[in-house]
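By convention here, the first residue in the shown sequence is residue 1.
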Amino acid sequence: MSPLVFLYAALAGGVGAGLRYLVDLGVARLVGTRYPWGVLVINLTGSFALGVVTGGFPGAAFIVGAGLLGGYTTFSTAMLDTVALWRDGSSRAAVFNAVGMLILGVLAAIAGLALGTALTA
């Protein structure tokens, strides 16, 4: 990997982190903060987008995938939210957050991969 590609990926990661913050803030303003809907939206759209990039534009996978989407998506926050929900007595919401996000994320990635592959077929 060239230093320039590494730089582009690092810059894209910063942009992704900024987008994550804005999306989380926007979703929280729309639906509130009782459940971490913003993180769910972020991780599902990120999984879908990574599928599209991987299936249709593999040459951009490092900069867009590892960089932009790596900065945008957040597994650690999702798991911290799961623990917080559990500790607050919302065990059903905690289980949905952990298991539901995993299943929905895989389905989003599959759909994105199918779309990305179809775009370049």
Side-chain angles (χ1 to χ4, degrees):
M1 165 184 357
S2 74
L4 194 56
V5 170
F6 181 80
L7 177 63
Y8 288 154
L11 292 172
V15 170
L19 287 173
R20 176 177 68 221
Y21 172 76
L22 293 174
V23 170
D24 193 30
L25 186 65
V27 171
R29 284 186 178 163
L30 286 174
V31 298
T33 59
R34 189 163 178 186
Y35 179 85
W37 290 109
V39 174
L40 179 66
V41 167
I42 289 162
N43 285 336
L44 296 182
T45 57
S47 294
F48 178 78
L50 185 57
V52 171
V53 170
T54 302
F57 312 96
F62 182 73
I63 293 172
V64 175
L68 181 73
L69 296 173
Y72 176 69
T73 58
T74 175
F75 180 80
S76 57
T77 300
M79 294 306 100
L80 186 60
D81 287 341
T82 299
V83 171
L85 287 166
W86 189 272
R87 291 174 83 191
D88 290 344
S90 301
S91 56
R92 280 188 271 187
V95 170
F96 172 75
N97 199 56
V99 177
M101 191 173 308
L102 173 64
I103 292 169
L104 293 173
V106 168
L107 293 174
I110 290 169
L113 190 59
L115 177 62
T117 303
L119 288 174
T120 58

Shortest non-hydrogen pair, Pro58 vs Gly56, comes out as CD-C, 3.5 Å
Closest non-hydrogen atoms of Gly55 and Thr120, given as atom of the first, atom of the second and distance, are O-OG1, 3.8 Å
Are Val15 and Leu4 joined in one hydrophobic group, where the rule is that I, L, V, M, F, W and Y side chains link up if heavy atoms are under 4.5 Å apart? no
Separation between CZ of Phe6 and CD1 of Ile63, rounded to the nearest 0.5 Å: 11.5 Å
Between OG1 of Thr77 and CG of Asp81, what distance do you get to the nearest 0.5 Å? 6.5 Å
Report whether Val23 and Val52 are members of the same hydrophobic cluster (ILVMFWY, side-chain heavy atoms less than 4.5 Å apart, transitive linking). no
Do you know which two heavy atoms are closest between Ser47 and Gly105, and how far apart they sit? CB-O, 3.4 Å
Just by distance, do the side chain of Asn43 and the backbone of Phe75 share a donor-acceptor pair under 3.5 Å? no
Measure the shortest side-chain to side-chain distance between Leu69 and Tyr72 over non-hydrogen atoms and say whether it is less than 4.5 angstrom. yes
Spatial distance of atom CG (Leu40) from atom OG1 (Thr45) [nearest 0.5 Å]: 9.0 Å
Under a single-linkage definition using a 4.5 Å side-chain heavy-atom cutoff for Ile, Leu, Val, Met, Phe, Trp and Tyr, are Leu113 and Leu104 assigned to the same hydrophobic cluster? no
Measuring from atom CZ of Arg92 to atom CG of Leu85, what distance do you get when rounded to the nearest 0.5 angstrom? 13.0 Å
Share the residues that join Leu102 in a hydrophobic cluster, the rule being Ile, Leu, Val, Met, Phe, Trp or Tyr side chains under 4.5 Å apart at the heavy-atom level. Val106, Ile110
Specify the closest pair of heavy atoms between Ala78 and Met101, including all atoms of both residues, with the distance to one decimal. CB-SD, 3.6 Å
Report the distance from atom OG1 of Thr33 to atom CG of Leu25, rounding to the nearest 0.5 Å. 11.0 Å
Backbone of Ala93 reached by a side-chain donor or acceptor of Ser90 within 3.5 Å: no
Any link between Tyr8 and Val53 through a network of hydrophobic side chains (Ile, Leu, Val, Met, Phe, Trp, Tyr) touching at under 4.5 Å? no
Do the side chains of Trp37 and Leu44 join up, straight or via other hydrophobic residues, at under 4.5 Å, putting them in one cluster? yes
Can you tell me if CZ on Phe96 sees more than 12 non-hydrogen neighbours from other groups inside 6.0 Å? yes
Can you tell if the side chain of Val5 reaches within under 4.5 Å of the side chain of Phe62, non-hydrogen atoms only? yes
Here the pair of heavy atoms bringing Val39 nearest to Asp24 is N-OD1, 3.8 Å
So OH of Tyr21 and CD1 of Ile42: to nearest 0.5 Å the spacing works out to 11.5 Å
